Amino acid sequence: VKGNLSALQERVEKLNNSAHGPFDVVFCVGDFFGENEEILNPYIEGKVEFPIPMYFISSHLPTHISEQLKESKQLCKNVSFLGSCGLSDVQGLKVAFYVEVASDEGEFSTSFATSNVKSVQPLLDQVKKNDDKVDIFLTCKPPTPTESSNEARLAWFLKPRYHFAGMSELYFARAPYRNANKQVTRFVALGNVNKEAPKTKKWLHALKLEPEVDTTVSEPADTTENPYSNVFLSSASKRGRENAGPLSSETVQKLMKEHETRNSNFRYEDTGYTGYKKPRRNKNVIPPRMDCWFCLASPSCERHLVASVGNSVFLSLPKGGVNAHHVQIIPIAHEGCFSELPSDTLDEVVKYKHAIKLLYQEINCIPVFFERNVILGKAAQRHAFLEVIPIPATSMHGAKQVFENESNRVKLSFQEIGGDGTLDGVQRLQQLVGADTSSQYFYFEIPNVVKPSIHRIPDGPLGRLPLQFGRQVACRILGCPNRVHWKECVLPQPEEAELADRFKKDFNPFDIEI
């Protein structure tokens with residue numbers, strides 16, 4: 001709601017009086033108050049009345065509201081606060097809810113993942129003891145399917161018929177997924193209340209739901225595997241070492257000097273970049289850029305996302321990653337594509353690939369690797385990187401078919417390039433493509449599912465490639481089409497840094513030796 005209660009009331013009244021109504025109840029998730037902490041005052045004072053019963057949870061509570069909640073969770077007629085964690089009977093529906101509230105006021109502060117597990121235990125005990133079937137699960141923020149988020153753990157345990165979340169800013173209705181008890185859950189993320197919001201930011205979801213229905217009915221045709229299957233299997237988060245922190249400017253400068261000695265085709269100076277040729281095969285010289293996101297010494301480089309640095313290669317979380325363990329393998333030198341990397345750099349890429357596979361095994365995931373070598377605009381402005389996106393092993397059924405369907409849909413023709421098994425896919429890629437420096441291609445691989453393959457991109461009008469093809473395939477398998485475009489997934493820098501810190505701890509036990 002974010003303080004925009006008048007817009008919500010106007011919309012609810014209109015729908016309630018339409019052919020779609022009447023409705024019995026309204027649930028609100030996310031940040032209810034926003035910066036307007038006084039929005040409920042007219043309702044509490046009796047000057048305004050909400051048309052039907054409304055129950056809300058909120059990511060934060062104003063002090064005066066917290067004080068009033070100590071006496072009653074019903075703040076005024078038709079407006080009630082559910083709480084921070086619990087199970088309530090609302091209009092005959094079993095409604096579970098969970099939110100971490102920034103407050104030290106007893107039950108209004110929960111932290112399931114850390115020390116305050118007592119705050120959620122009554123909910124877990126009640127559901128287990130009474131064998132309650134949860135109709136609706138409400139959370140302030142969406143769950144994260146590849147890490148042990150409280151929302152994901154509770155969604156896994158509660159097996160609700162519907163799960164609604166806020167604070168995503170976009171509307172997203174996921175394909176139904178199957179729980180261990182064969183019951184199906186539908187997840188819906190809602191945008192912020194706004195009269196002018198487009199359909200992609202829809203903030204109201206009308207629903208007709210009868211309590212105590214037969215949960216053994218046949219599941220929808222588009223039902224997927226449970227996206228949280230890997231949550232309880234992850235032990236990597238418990239094996240981390242102390243966070244080493246982000247790269248400092250001194251560390252970067254030292255790294256650049258060391259790299260200059262090892263690799264004479266790259267150097268950074270105060271006046272800019274200087275390029276050199278190594279005595280290897282002829283190639284198009286790609287001069288580095290001051291605004292390159294992937295050059296460590298560049299002011300444009302997001303150093304807080306860097307997770308590991310080797311001799312010739314580094315590992316970084318991307319901007320707007322698909323999930324918490326999505327990473328990129330990037331050469332330190334400003335190289336244009338993986339098919340032209342020096343042999344020592346390529347060997348280190350293979351080591352990083354192996355280390356990432358070991359990490360993903362710990363969280364029961366399988367990596368999707370892909371590289372897009374496409375000249376966009378100025379050919380000199382590209383820096384090679386290999387994307388790596390984890391997919392829960394339980395979601396891999398049908399993954400190859402998804403890859404083939406997406407390839408056919410956008411008219412891409414892939415050629416398997418796996419050799420005799422002694423070479424990694426990127427090494428085989430260099431064997432086949434490396435000599436042709438003008439070749440554009442798309443490389444794709446899912447170990448033991450899709451063999452290392454390339455699509456050669458022809459010159460001219462037919463040489464087109466959907467820029468998000470790799471993410472499109474991964475997100476189709478994951479069942480999260482709203483995360484295809486990275487710009488819609490970008491987090492504030494403090495949250496990015498926190499995500500990178502967690503990844504470093506997870507990856508440390510598997511990091512390569514330099």
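In this text, all values refer to a predicted model and were calculated from it rather than measured experimentally.
Residues passing the side chain to side chain donor-acceptor pair (under 3.5 Å) test with Glu371 are Tyr441, sequence neighbours excluded. Under the salt bridge (Lys or Arg N to Asp or Glu O under 4.0 Å) criterion, Lys353 pairs with Asp424, Glu445, not counting sequence neighbours. Not counting sequence neighbours, Glu495 has no partner by the side chain to side chain donor-acceptor pair (under 3.5 Å) test. For Ser308, the side-chain contact (heavy atoms from CB on, under 4.5 Å) partners at least two apart in sequence or on another chain are Leu315, Tyr352, Phe507, Asp511. Pro331 pairs by the side-chain contact (heavy atoms from CB on, under 4.5 Å) definition with Glu335, Phe338, Leu341, Thr345, His383, Ala384, not counting sequence neighbours. Residues satisfying the side chain to side chain donor-acceptor pair (under 3.5 Å) criterion with Ser316, sequence neighbours excluded, are absent altogether. For Lys400, there are no salt bridge (Lys or Arg N to Asp or Glu O under 4.0 Å) partners, not counting sequence neighbours. In this structure, Gln472 has no side chain to side chain donor-acceptor pair (under 3.5 Å) partners at least two apart in sequence or on a different chain. In this view, Ala307 and Leu317, Phe503, Lys504 satisfy the side-chain contact (heavy atoms from CB on, under 4.5 Å) rule, not counting sequence neighbours. Every residue meeting the side-chain contact (heavy atoms from CB on, under 4.5 Å) condition with Lys357, not counting sequence neighbours, appears here in chain and number order: Pro367, Phe369, Pro447.
Arg174 and Thr185 share no side-chain donor-acceptor pair at under 3.5 Å. Between Asn226 and Asn179, the side chains place a donor N or O and an acceptor N or O closer than 3.5 Å (distance only, hydrogens not considered). Side chains of Glu387 and His326: a donor on one and an acceptor on the other come within 3.5 Å.
For the residue pair Leu93 and Glu210, the shortest heavy atom distance occurs at CD2-C, 4.2 Å. When all heavy atoms of Val402 and Val473 are compared, the pair lying nearest together is CG1-O, 4.1 Å. Counting all heavy atoms, side chain and backbone alike, Pro160 lies closest to Ile136 at CB-C, 4.5 Å. The heavy-atom pair separating Arg471 from Phe370 by the smallest distance is N-CZ, 3.7 Å.
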Which atom pairs, one a donor and one an acceptor, fall under 3.5 Å between side chains of residues 408-416 and the rest of the protein, sequence neighbours left out?
unit_1: Asn408; atom_1: ND2; unit_2: Glu404; atom_2: O; d: 3.1
unit_1: Arg409; atom_1: NE; unit_2: Glu406; atom_2: OE1; d: 3.3
unit_1: Arg409; atom_1: NH2; unit_2: Glu406; atom_2: OE1; d: 2.8

Which atom pairs, one a donor and one an acceptor, fall under 3.5 Å between side chains of residues 481-492 and the rest of the protein, sequence neighbours left out?
unit_1: Arg483; atom_1: NE; unit_2: Val322; atom_2: O; d: 2.7
unit_1: Arg483; atom_1: NH2; unit_2: Gly321; atom_2: O; d: 3.1

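The environment of NZ in Lys451 is sparse: at most 12 heavy-atom neighbours from other residues, nucleotides or ligands sit within 6.0 Å. Under a cut-off of 6.0 angstrom, the local environment of NE2 in His354 is sparse, with at most 12 non-hydrogen atoms contributed by other residues, nucleotides or ligands.
Here the NE2-CZ distance, from His205 to Phe27, works out to 13.0 Å after rounding to the nearest 0.5 Å. Taken from CD1 in Ile389 to CG in Leu478, the straight-line distance is 7.5 Å, to the nearest 0.5 Å. Distance check: Ser343 OG to Glu348 CD gives 12.0 Å after rounding to the nearest 0.5 Å. Between atom CZ of residue Arg372 and atom CG of residue Leu467 there is a gap of 5.0 Å, rounded to the nearest 0.5 Å. To the nearest 0.5 angstrom, Ile454 atom CD1 is 14.5 Å from Phe444 atom CZ.
Between the Gln183 side chain and the Lys159 main chain, a donor and an acceptor come within less than 3.5 Å of each other. In terms of modelled atom types and a separation under 3.5 Å, the side chain of Ser407 and the main chain of Asn405 share no donor-acceptor contact.
The ring of His455 has its center no closer than 6.0 angstrom to the ring center of Phe442.
The side-chain heavy atoms of Gln440 and Cys337, taken from C-beta on, include no pair separated by under 4.5 Å. At a threshold of 4.5 Å between non-hydrogen side-chain atoms, the residues Arg161 and Leu209 count as touching. Looking at Ile457 and Val374, their side chains come closer than 4.5 Å, going by heavy atoms from C-beta outward.
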### Task
Would you sort out whether Lys94 and Asp135 count as a salt bridge (charged side-chain N to carboxylate O under 4.0 Å, His left out), showing the intermediate values?
CA-CA 5 Å; Lys94 295 292 184 181; Asp135 295 299; over 6 Å; no

